[in-house]
Amino acid sequence: MDKQTEGGVSVLATQGSITLFGNICGKVLGFVFAAIATRLVDPTDYGIYTLALSIVIFIQGFASLNIYRSVDFFIPQFINENEYGKAKMALRNVIIIGLLSSMVGLAILLLSASTLDGYI
């Protein structure tokens, strides 16, 4: 392999290991939180918390449109092609669309709160 390929593989391995470590830490912390929370509150209260959190996460998945994933795709492409203006514009558009769609999701959640309250 040439020097550029070796450097790219090294960077990819480093970034991949950082991502893997972060995902593992997130899962461990979530498990520890669940273990502690179930000991501190009644099963009914924890069930209500889990149901409410599930509803919010479900709606958030639709509200955000998963547009943040486009940052991982477009920004490196534009930077690699030295098109910094397009990279900046793509980031700005992702932030604006993400904020607007999240606000719409929040409004839907707030408007449907009284209906959801009957199920919890």
Between [atom1] on residue [X] and [atom2] on residue [Y], distance to nearest 0.5 Å:
| X | Y | atom1 | atom2 | answer |
| --- | --- | --- | --- | --- |
| Leu51 | Tyr46 | CG | OH | 12.0 Å |
| Asp45 | Thr38 | CG | OG1 | 12.5 Å |
| Ile97 | Leu100 | CD1 | CG | 8.0 Å |
| Lys86 | Leu91 | NZ | CG | 16.0 Å |
| Ile96 | Met89 | CD1 | CE | 9.0 Å |
| Leu20 | Ile24 | CG | CD1 | 4.0 Å |

Worksheet item: For Ile59 and Gly105, which heavy atoms make the closest approach, and how far apart are they?
Response: CG2-O, 4.0 Å
Worksheet entry | Shortest non-hydrogen contact from Gly98 toward Ser101 | O-OG, 3.2 Å
Worksheet entry | Verdict with reasoning, Tyr84 to Asn82, per side chain to side chain contact (heavy atoms under 4.5 Å, CB included) | CA-CA 6 Å; Tyr84 300 108; Asn82 293 327; 3.3 Å; yes
Discussion item. Using 30° and 60° as the class boundaries, would you call the ring planes of Phe78 and Phe74 parallel, tilted or perpendicular?
Written reply: parallel
Worksheet item: Given the rule in the side chain to side chain contact (heavy atoms under 4.5 Å, CB included) test, do Leu109 and Ile55 qualify, once you have shown the distances and angles that lead to the verdict?
Response: CA-CA 9 Å; Leu109 187 63; Ile55 291 169; 4.2 Å; yes
Worksheet item: Given the rule that I, L, V, M, F, W and Y join up when any side-chain heavy atoms are under 4.5 Å apart, are Ile95 and Ile75 in one cluster?
Response: yes
Fill in: same_hphob_cluster(Ile48, Leu40) at 4.5 Å side-chain heavy-atom cutoff
no
